[in-house]
Each structure stands twice: as C-alpha cells, then as structure tokens.
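Reviewing the structure listed below.
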Amino acid sequence: MSSYFTDLAQQYIDGEWRPGTGSWDIIDFNPYDDEKLASITIATVDEVDQAYRAAARAQKEWAATNPYARRAVFEKALRLVEEREEEIAEAIVAELGGTRLKAAFELHLAKEFLRESVHLALAPEGRIIPSPVDGKENRVYREPVGVVGVISPFNFPFLLSLKSVAPALALGNGVVLKPHQNTPIVGGSLVAKILEDAGLPAGLLNVVITDIAEIGDAFIEHPVPKVISFTGSDQVGRHVATVCASLFKRAVLELGGNSALVVLDDADVDYAVDAAVFSRYVHQGQVCMAANRILVDRAVADEFTEKFVAKVRTLKAGDPRDPETVIGPVINARQADALTGVVEQALAEGATALVHGARRDNLVEPSVVTGLPAGSALLRQEVFGPVAFLVPFDGEEEAVRLVNDTPYGLSGAVHTGDVERGVRFAKRIDTGMFHVNDGTVHDEPIVPFGGEKHSGVGRLNGDTMLDAFTTTKWISVQHGRSGFPF
C-alpha cells in the first residue's frame, strides 16, 4: 500500500501538517476489500477559519509575485506528478477502487491540466478602452479574486481537485480545498503534498478534511472566499448556489448529468457499440458525463442491441489491481444499494434486464435494461453506476425530444455516417457539450467544460478559468480636466 495513506492522513493548514481537533475520525477504506487505509481526525469550524485566514494572508504577496515565478511552481508540480505516477496510480486504485486503466486516464488528464496551468499564470491581460470623455484613459485590469474555496468529488478526485486548485493558484489566488470524505488523500492531501514539494509558498493552499456533520455550511459561508468551486451532485450544488447567492459570492458549479448516446440509422454500428460501452461503463459508470441512456434508431436497434449486450458480457468485474479488470467497485455501500434499487425499480416498472449483473459487497456488475416505460423517472435522473438503459426511437425528431427530456444538460454524443447531420443534431440538444461520432466522456484543458440546466453554472478550462477565478477592475485616468455641472 502507498505510504501516502500513512504520511498524509492529516490536515494541511498554513503550511503545517497536523491532526484535526474534531471529536471523531474519518476512516478511509478501500472500497474493494474494505481495508482500512487511514484514519483522519476531522477539521472543525475553527480549523476551516484558520485555513481561510492563512490563505488570505499568503495571497497578497503571491498575487504580487512575478507570474513567471508563479509559473515555475506548476512546471515543477508537473515533473513531480510524472516522477510519482506509479505511486499516485496505486493510491487511485486503493482509495477509489479505480482500475489501472482508469488511474492512467485520470493521471493523463491531470498532467494536461497542470500543463495548462503553466500557461494560465501568464494569461491575464489588461485593456485600454476608449472613452467618450476628452482626455480620459480607461484601463481595465484583470486581478485575482482573492481566495477560492474548492469542494471536490470522489470519482476523479486527483484530477478534479487539481482542475480548480492549480488554475486558481496560477492566477494569483489562495485556495482552501475540501476533498470528499471518501477520497481525502487522493483528492486532498496528495494535491497539497505535490504543490508543497513544488515550492508553493506556505499558507497559499490549505486542505481541510471534514464533514458537513461537523462544520455545517461554514466552508461556503466563511467571509474570506469570494468564489466557491463545487463539483458534485445537483442537489448539493443547489444548496451551495443558494448560500453563495445570499452572500454575494460567485459559485462555479460542475454538477451531474444524464447524458444520452444516440445511434442514428446510418451509424457505424460496431463503432457505436464500442463508444457506448466505454461511455457507460468507464470507472463503473461513476462519471458525470457517462451515457446513462443509449438511444438507438429502430432501423439498427436489433443489430446494435445484440452487439452491445455481447460486448458488455465480456467486461471483467473484480479486483481493480488486476490489469484485466474493467469494472471495479463503486465507492461505497450506499452507492451499491442505490444501484441495486435502480435495477429492481426498472424491473418492477415492466422493463427487461438483458444483462442483470450481480452484486458482491461494493462490486456491482454491469446491467443492461430495455423496455422502460416512456414516463419512467429513471430515464430522467442521473444513475451513477454500471447500469445502461437502451431506448429505441423512430427518426431524428423523436431522438431529439428524448435526449432533451431530462433536467440535466451536461454531455452527449451522436453517431451517424454524415458528420454534418451529426452537427445539426448536436445543435438541437440542450447541453453544454456534445460529441459527434465519439463517446460522451471527454475533457480537454482549453475547451470550455460545463453544463446547462441542472448540470451546472459557469465553465472551467482554458480562457474560462479567467472568468471563474479572476475579476476585472476599471481604473480611469483623466489626463486633462473634466467639466462638472456644479
């Protein structure tokens, strides 16, 4: 087991590694075999305050630091991730139940986002804007917001913590990070350790490992952070947004999805099957962009279904440490219970399980369900696990209606032999992202990432990081003399 779980099972506040002072511990378990990885005494409201105050103190000097010097920290962090890649992969497998393939996928993206953070340090630019007033010069400066609070999820914790933390720091902010309770090391302490070793000044990044049962809304209500970057469920996101709005804070929300992968009548069926199986079952389906619904034109439905089911049956479920494993455990028993309930509900509503995966503790084998009634709530909600719903349709108009019939609007994909037909289809879908002849699960460092409807507010990646983590200030200079009416 990685030494990370013994060395990093602490809070990281104002440049110091120390235990929390709460009255209970978060126990970090391996979701596959229930091995106890670490025990971490939780942070209290007082420690959340200490973390934010430390970030605020350190941020002023950091913002004034030459951006070329800030950039060097992220260059070093990238090298450290490359050097420690195998250890980090082992930690991802142990703490998340991620397969070796998933760990490699997450690390690849994490390195890409660190590379982009190197560039972001130099991205902010000022502007000179003309004035209708003679002699006046309008300068618009782009400045850090100050301190950013980051709340990261359990499914891609290393990537999704870094994805907000590194850009916010590169742009001159301080950060306090609260990782998910199920992934406190990979999503929290490990990120801090890498940036500490890369030379990030003490106090700029703080990690508080805690639970809302202990701190309530203190993390988002605290007066120091100007922006809260939250990745997680739409239910919690709604609460975060409400609290932030009441306190005039900016909320950047990357929330859940109910993505559809659509197979039109002229699609390459074999290729569509491969894309659909990956899009539904990567990381056990615990991906916000995963293809919950697979919509297939009746003209190709029989062929697609036969090949899809055959491929799903080949997916090996088991120990994520085994390189042959495709389906590892879901994150905890609550998630496993929910997934079992989803399949049972579908069958009770009259659906048919073409594949009915067994459950062994947190290991939930793949299921494929067809024949859900059109009004089923299951087709409109996010299912965070390895359960696929196959839905036939008649023609494009019905496909568009079905895809949009959900409160979510994050990702999606369409397969067709005519690329421009695919683009026309994509334009009619109410999502932040949509892909033609590909899977539904994609993230790239310079392309705006985010959703519509209940899938979030705001965007991350590339230039949109400036919108998320900086603000503008107008300073005017009157070189002549203004005239005043009195």
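Numbering starts at 1 and runs along the sequence shown.
Taking every heavy atom of both residues into account, Y408 and G256 meet most closely at CD2-O, 3.4 Å. When all heavy atoms of V369 and A351 are compared, the pair lying nearest together is CG1-CB, 3.6 Å. In plain terms, the two heavy atoms of V147 and N173 that are nearest each other are N-OD1, 4.5 Å. Residues L171 and P124 approach most closely at CD2-CG, 3.6 Å, considering heavy atoms. Of all non-hydrogen atoms in A94 and P31, the two that sit nearest each other are O-CD, 3.4 Å. The heavy-atom pair separating A168 from V175 by the smallest distance is CB-CG2, 3.8 Å.
Scanning for side chain to side chain donor-acceptor pair (under 3.5 Å) contacts around E303 gives K307, with sequence neighbours left out. Shown here are the side chain to side chain contact (heavy atoms under 4.5 Å, CB included) partners of P392, two or more places apart in sequence or in another chain: R298. Take I151 and apply the side chain to side chain contact (heavy atoms under 4.5 Å, CB included) test, not counting sequence neighbours, and it matches K178, F219, I220, I228, F230.
In this structure, the separation between CG on L159 and CD on E106 is 5.5 Å, given to the nearest 0.5 Å. To the nearest 0.5 angstrom, K36 atom NZ is 7.0 Å from F29 atom CZ. A distance of 10.5 Å separates CG in L37 from CD1 in I27, rounded to the nearest 0.5 Å. Of the inter-residue distances, the one linking Y4 atom OH with L190 atom CG reads 5.5 Å to the nearest 0.5 angstrom. Separation of atoms CG (N155) and SG (C288) is listed at 6.5 Å; rounding is to 0.5 Å. The structure places CG of D33 at 5.0 Å from CZ of R321, a figure rounded to the nearest 0.5 Å.
A donor-acceptor pair under 3.5 Å is formed between the side chain of T406 and the backbone N or O of R380. Within the 3.5 Å criterion, the main-chain N or O of L378 finds no donor-acceptor partner in the side chain of Q345. In this structure a side-chain-to-backbone donor-acceptor pair under 3.5 Å is missing from T470 to R142. In this structure, the side chain of D234 does not engage the main chain of G237 through any donor-acceptor pair within 3.5 Å. Formation of a donor-acceptor pair under 3.5 Å by the R421 side chain with backbone atoms of L264 is not found in this model. With hydrogens and angles ignored, the 3.5 Å screen pairs a side-chain donor or acceptor of S367 with a backbone N or O of G357. S246 contributes a side-chain N or O that, together with a main-chain N or O of V243, makes up a donor-acceptor pair within less than 3.5 Å. Of the possible polar contacts, none joining the T183 side chain to the V186 backbone as a donor-acceptor pair under 3.5 Å is found.
Looking only at side-chain heavy atoms (C-beta outward), R280 and N292 come within less than 4.5 Å of each other. For the pair D217/I212, no side-chain contact is recorded, criterion being any heavy-atom separation below 4.5 Å from C-beta on. Taking the side chain as every heavy atom from C-beta outward, Q284 and T99 approach each other to under 4.5 Å. Using a 4.5 Å heavy-atom threshold, the side chains of D443 and F156 count as separate. At least one side-chain heavy atom of L347 sits less than 4.5 Å from a side-chain heavy atom of H356. When side chains are defined from C-beta on, D405 does not count as touching L379, because their heavy atoms never get closer than 4.5 Å. H222 places none of its side-chain heavy atoms less than 4.5 Å from the side chain of I215. Put simply, the side chain of I294 reaches to within 4.5 Å of the side chain of F304, judged on heavy atoms.
Under 3.5 Å, the side chains of N437 and D268 contain no donor-acceptor pair of N or O atoms.
When each of E75, E82, E444 is paired with R115, the salt bridge (Lys or Arg N to Asp or Glu O under 4.0 Å) condition holds for E82 and for no other. Applying the salt bridge (Lys or Arg N to Asp or Glu O under 4.0 Å) test between E365 and each of R313, R360, R359, K316 identifies R360 as the sole match. Checking each of S161, S164, S152 against S229 for a side-chain hydrogen bond (donor to acceptor under 3.5 Å, both in side chains) leaves exactly one that passes, namely S164. Shown are T325, D322, V93; of these, the side chain to side chain contact (heavy atoms under 4.5 Å, CB included) with R100 is made only by V93.
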Between T352 and L354, is the side-chain contact (heavy atoms from CB on, under 4.5 Å) condition met? List the steps.
CA-CA 6 Å; T352 300; L354 302 176; 4.2 Å; yes
Decide side-chain contact (heavy atoms from CB on, under 4.5 Å) for N404 and I429; before the verdict, give the C-alpha distance in whole Å, the side-chain angles of both, and the deciding distance to 0.1 Å.
CA-CA 6 Å; N404 285 331; I429 307 303; 3.5 Å; yes
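A salt bridge links R428 to E397: at least one charged side-chain nitrogen sits closer than 4.0 Å to a carboxylate oxygen. Between E83 and K111, none of the side-chain N atoms (NZ, or NE/NH1/NH2) sits under 4.0 Å from a carboxylate O, so this pair counts as no salt bridge.
Surrounding CZ of R238 are at most 12 heavy atoms belonging to other residues, nucleotides or ligands under 6.0 Å away. Crowding of D302 atom CG: a count of heavy atoms from other residues, nucleotides or ligands under 6.0 Å not exceeding 12. The neighbour count for L80 CG, taken as heavy atoms of other residues, nucleotides or ligands under 6.0 Å away, is above 12. Within a 6.0 Å sphere centred on CG of D361, other residues, nucleotides and ligands contribute 12 heavy atoms or fewer.
The ring pair (Phe, Tyr, Trp, His ring centres under 6.0 Å) pairs that include a residue from residues 438-457 are H435-H442, where partners are two or more places apart or lie in different chains. Counting only residues at least two apart or in different chains, ring pair (Phe, Tyr, Trp, His ring centres under 6.0 Å) contacts with residues 174-195 comprise F154-H180. The list of salt bridge (Lys or Arg N to Asp or Glu O under 4.0 Å) pairs with a residue in residues 184-193, not counting sequence neighbours, reads K193-E196, K193-D197.
Residues F105 and H283 keep their aromatic ring centres 6.0 Å or farther apart.
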